[in-house]
Amino acid sequence: MREIHTSLITEAVKDLVMDAEYNLPEDFIQAIKSSISKEESPIGKEILGEILKNAEVASKEKVAYCQDTGYPVFFVEIGQDVHITGGSIKDAINEGVRKATKEGYLRASIAYDPVFERKNTGDNTPALIYFDIVPGDKIKIKFAAKGGGSENQSKQIMLRPADGLEGVKKFVLQCIANAGPNACPPFTVGVGIGGTFDYSAVLAKKALFRHIGERHPDPKIASLEEELLDLANQLGVGPLGFGGTITAVDIKIEIAPAHIASLPVAVNIQCHAARHKEIEI
């Protein structure tokens with residue numbers, strides 16, 4: 001049994017959050033670089049270049065890449081041979097977010113009461129945390145800063161099984177087209193198929209953590225990812241919605257078993273501020 005103190009988790013989370021806010025993932029940077037040569041629109045090429053410049057400034061100056069520093073979302077895998085000491089892991093993660101918000105000069109974006117007063121909590125807590133117990137004696141923490149613009153364009157639908165594959169493709173492409181400029185393309189798109197109403201959305205969000213170009217192990221799903229990406233880039237939305245051939249840099253799908261009467265599908269749009277990072281303790 002390996003013991004891990006909550007203070008270690010707090011500091012690791014603080015560093016993880018600040019790193020994600022300042023530095024876009026390298027796979028996304030490379031995807032934008034390769035997209036410039038593929039983009040047919042002159043203004044689209046210019047915008048992609050500006051995205052790279054913005055990323056360079058944010059990383060060099062240690063400032064947030066986007067003023068919307070997002071809703072802090074965590075997927076945490078806890079090894080079954082880990083014993084956490086010093087308090088609650090949930091409290092430790094939230095304290096790390098709190099410290100990152102203060103020390104990293106990040107905008108506070110969480111309204112505790114979503115309907116009435118909409119009072120800001122002032123420190124980006126509480127974070128949204130999903131836990132999973134896995135074999136081993138380590139803790140893996142995956143973090144996403146989920147901006148409001150792209151999250152607002154995400155959708156879920158309960159299709160009929162008879163809608164089948166064509167119904168899934170139609171819904172995914174409609175979501176991307178409708179998101180348009182509002183979600184700051186080029187997008188990374190997570191798709192969750194199966195499970196239940198709620199779990200399909202969790203699958204869509206989890207899909208966004210896969211590296212760009214990392215295909216699903218099932219060849220049929222991998223082929224669907226590639227087909228949807230090609231179709232999405234025929235929609236003409238383009239970088240920041242000004243038109244062009246690069247609307248999305250990747251589409252990633254996760255699936256789960258579904259009830260015989262259901263075909264849940266969720267689409268989680270991710271803007272070009274693709275702030276996804278992970279660490280292992």
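Only a predicted model underlies this, so the values are computations on that prediction, with no experimental measurement involved. Note that these values count all heavy atoms, side chains included, but never hydrogens, waters or copies made by symmetry.
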Interatomic distance, K277 atom NZ to K142 atom NZ [nearest 0.5 angstrom]: 15.0 Å

Shortest non-hydrogen contact from E39 toward P239: OE1-CD, 3.4 Å

Nearest heavy atoms of A145 and E21, plus distance in Å: CB-OE2, 3.6 Å

Rounded distance (nearest 0.5 Å) linking atom CD of E95 with atom OG of S7: 11.0 Å

Check: N94 main-chain N/O paired with T125 side-chain donor or acceptor under 3.5 Å: no

Short side-chain donor-acceptor distance under 3.5 Å, T101 and D123: no

Geometric class of the F75/Y130 ring pair [parallel <30°, tilted 30-60°, perpendicular >60°]: parallel

D132 side chain vs E77 backbone, donor-acceptor pair below 3.5 Å: no

Exam field: side chain D81 to backbone P135, donor-acceptor pair closer than 3.5 Å: no

For the student: nearest non-hydrogen atoms of P126 and T121, plus distance: CD-CG2, 4.4 Å

Which atom of P264 lies closest to which atom of G195, heavy atoms considered: CG-O, 3.5 Å

Side chains of Q234 and D230, donor plus acceptor under 3.5 Å: yes

Note: K53-E50 ion pair, threshold 4.0 Å (strictly below): yes

Check: K99 main-chain N/O paired with K14 side-chain donor or acceptor under 3.5 Å: no

Distance-minimising heavy-atom pair for L52 and I29: CD2-O, 3.9 Å

Rounded distance [0.5 Å steps], CG in N178 versus CG in L173: 10.5 Å

Reference residue R210; test side chain to side chain donor-acceptor pair (under 3.5 Å); the match among H276, E225, H216: E225

Distance, nearest 0.5 Å, that separates CD1 of I221 from CD1 of I255: 4.5 Å

Euclidean distance, I212 CD1 relative to L229 CG, rounded to 0.5 Å: 10.0 Å

SB check K205 E151 (cutoff 4.0 Å): yes

Atom pair OH/CG of Y22 and L106 - distance to nearest 0.5 Å: 5.5 Å

CA sep, side-chain torsions, deciding dist, call: D250, R215, salt bridge (Lys or Arg N to Asp or Glu O under 4.0 Å): CA-CA 10 Å; D250 206 1; R215 290 285 156 250; 2.7 Å; yes

Linked, directly or transitively: I141 and V82 (ILVMFWY side chains, under 4.5 Å): yes

Donor-acceptor contact below 3.5 Å, side chain S59 vs main chain A55: no

